[in-house]
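The block underneath contains the structure these notes are about, expressed in structure tokens.
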Amino acid sequence: MKILSIDSSGLVASVALLSDGILTAEYTIHNKKTHSQTLLPMISDMMKMAEIGLEELDCVAVSAGPGSFTGLRIGASTAKGIAWTLGIPIVPVCSLMGLASNINERGAVVCPIMDARRNQAYYGIYRITDGLPETLAEPDVAAVELVIEAADKVGGNVIYVGDGVPVFEEAIRSHSGGRAAFADPIHRYQRGAAVAALGSLLFEKGRYVAADEFVPVYLRKSQAEREREERERG
């Protein structure tokens, strides 16, 4: 079974190819280029280097959100275009669960945080298992103080991961009573490999959809929509 994975939910663009449970290729870019510039060339280059044709794919796993509104739309349109053309399904993967999977420590409690601006973060809380991470707190968006509260309620040490770490690390250290740890930069950001691995597990459980049925999970309206509503309220 061959799975193409795509993650453009945050600052990083990352794609990967999983062949019969083996990570065959992964391509990650973390620079200032937009995902619309990078994703398709990355996928094309990776598939060529792996010597695997798109027609050999069985499904596309894609980071479904939450995260960057624009990034999620670009990832979704790319995945839908490939899946629809090939007639294969899409496996939606929670972007926060993908980040949590970067921590390969069974039993660890992980809180992925993604900067949502205005002192808010997209977050979830997970316990790492041998299979799909166990969800302890469902994905949500909240002020960072509430995120820290939610993590403290779980009890014990919590590992924070995601692009929200450099933004909120000082606040977390100040309010977590020394129970917070932080993923190093190598394991902090999105990885196509994590989305592919989770996609494989979800596919086996039948949790996939047709290309035209896939919709990203935004959790809140885009910045443009929020600003327009603020203007209309005066």
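Because the structure is a prediction, the values reported are computed rather than measured. Side chains included, hydrogens not; waters and symmetry mates left out as well; all remaining heavy atoms used. Index from 1, following the sequence.
A heavy-atom distance below 4.5 Å is not found between the side chains of Met97 and Leu202. Contact check for Leu11 versus His30: side-chain heavy atoms found under the 4.5 Å cut-off. The shortest side-chain heavy-atom distance between Val158 and Ser176 does not fall under the 4.5 Å cut-off. Between Tyr126 and Ile103 the shortest side-chain heavy-atom distance does not fall below 4.5 Å.
Following chains of ILVMFWY side-chain contacts shorter than 4.5 Å, one cannot reach Tyr122 starting from Ile113, and the two form parts of different hydrophobic clusters. Linking Ile, Leu, Val, Met, Phe, Trp and Tyr residues whenever their side-chain heavy atoms come within less than 4.5 Å leaves Tyr123 and Ile159 in two separate clusters. Taking hydrophobic clusters as Ile, Leu, Val, Met, Phe, Trp and Tyr residues chained together by side-chain heavy-atom distances below 4.5 Å, Phe182 shares a cluster with Ile125.
Under a 4.5 Å side-chain heavy-atom criterion applied to ILVMFWY residues, the cluster that includes Ile186 comprises that residue alone. Chaining together hydrophobic side chains whose heavy atoms lie under 4.5 Å apart places Tyr189 alongside Val12. Cluster note: Met47 groups with Leu4, Ile6, Val15, Leu17, Tyr27, Ile29, Leu39, Met42, Ile43, Met46, Ile52, Leu54, Leu57, Val60, Val62, Ile74, Ile82, Leu86, Ile88, Ile90, Val209, Phe214 through ILVMFWY side-chain heavy atoms spaced under 4.5 Å, whether in direct contact or through intervening members.
When all heavy atoms are compared, the tightest approach of Leu201 to Gly131 is CD1-C, 3.8 Å. Nearest approach of Ala211 to Ala83, heavy atoms of both residues: CB-CB, 3.9 Å. Across every non-hydrogen atom of Ser19 and Thr24, the tightest pair is OG-OG1, 2.9 Å. In terms of heavy atoms, Gly192 sits closest to Glu26 at N-OE2, 3.4 Å. In plain terms, the two heavy atoms of Leu18 and Ser200 that are nearest each other are CD2-CB, 3.8 Å. Nearest approach of Gly199 to Ala61, heavy atoms of both residues: CA-CB, 4.0 Å.
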Side-chain donor/acceptor pairs under 3.5 Å, residues 160-171, sequence neighbours excluded:
unit_1 : atom_1 : unit_2 : atom_2 : d
Asp163 : OD1    : Asp115 : N      : 2.8
Glu169 : OE2    : Arg173 : NE     : 2.9
Glu169 : OE2    : Arg173 : NH2    : 2.7

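Listed by first and then second residue, the side-chain hydrogen bond (donor to acceptor under 3.5 Å, both in side chains) pairs that reach into residues 73-97 come to none, sequence neighbours excluded. Residue pairs meeting the side-chain hydrogen bond (donor to acceptor under 3.5 Å, both in side chains) criterion with at least one partner in residues 37-59, sequence neighbours excluded, are Thr34-Gln37.
When the salt bridge (Lys or Arg N to Asp or Glu O under 4.0 Å) test is applied to Glu134, the partners found at least two apart in sequence or on another chain are Arg127. Every residue meeting the side-chain contact (heavy atoms from CB on, under 4.5 Å) condition with Ala210, not counting sequence neighbours, appears here in chain and number order: Asp212, Glu213. For the side-chain contact (heavy atoms from CB on, under 4.5 Å) test, no residue two or more places apart in sequence or in another chain qualifies with Lys153. Evaluation of the side-chain contact (heavy atoms from CB on, under 4.5 Å) rule for Gln120 yields Ala116, Val141, Arg220 as partners, not counting sequence neighbours. By the salt bridge (Lys or Arg N to Asp or Glu O under 4.0 Å) test, Asp130 pairs with Arg106, sequence neighbours left out. Not counting sequence neighbours, the partners of Pro89 by the side-chain contact (heavy atoms from CB on, under 4.5 Å) test are Cys59, Phe203, Tyr208.
A donor-acceptor pair under 3.5 Å is absent between the side-chain atoms of Ser14 and the main chain of Thr28, judged by distance alone. In this structure, Ser8 contributes its side chain and Gly75 its backbone to a donor-acceptor pair below 3.5 Å. In terms of modelled atom types and a separation under 3.5 Å, the side chain of Asn119 and the main chain of Ala143 share no donor-acceptor contact. Judged by distance alone, with hydrogens and angles left aside, the side-chain atoms of Thr129 form a donor-acceptor pair with the main-chain N or O of Leu132 at under 3.5 Å.
Taking CG from Leu72 and OH from Tyr218, the interatomic distance works out to 6.0 Å, rounded to the nearest 0.5 Å. One finds the CD atom of Glu145 at 10.5 Å from the CD1 atom of Ile172 (value rounded to the nearest 0.5 Å). Met114 CE to Leu96 CG: the interatomic distance, rounded to the nearest 0.5 Å, is 6.5 Å.
Within 6.0 Å of atom CE in Met49, 12 or fewer heavy atoms from other residues, nucleotides or ligands are found, so the atom counts as exposed in its surroundings. Other residues, nucleotides and ligands place more than 12 heavy atoms under 6.0 Å from the CG atom of Asn31. For Arg179, the CZ atom counts as densely surrounded, since its 6.0 Å shell holds more than 12 non-hydrogen atoms of other residues, nucleotides or ligands.
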Apply side chain to side chain contact (heavy atoms under 4.5 Å, CB included) to the pair Asn157 and Val109, showing each step before the final yes or no. CA-CA 7 Å; Asn157 296 328; Val109 175; over 6 Å; no
Show your reasoning for whether side chain to side chain contact (heavy atoms under 4.5 Å, CB included) applies to Leu99 and Gln190. CA-CA 6 Å; Leu99 281 168; Gln190 288 84 352; 4.1 Å; yes
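Of the listed residues (Val144, Ile148, Val147), just one forms a side chain to side chain contact (heavy atoms under 4.5 Å, CB included) with His175, and that residue is Ile148.
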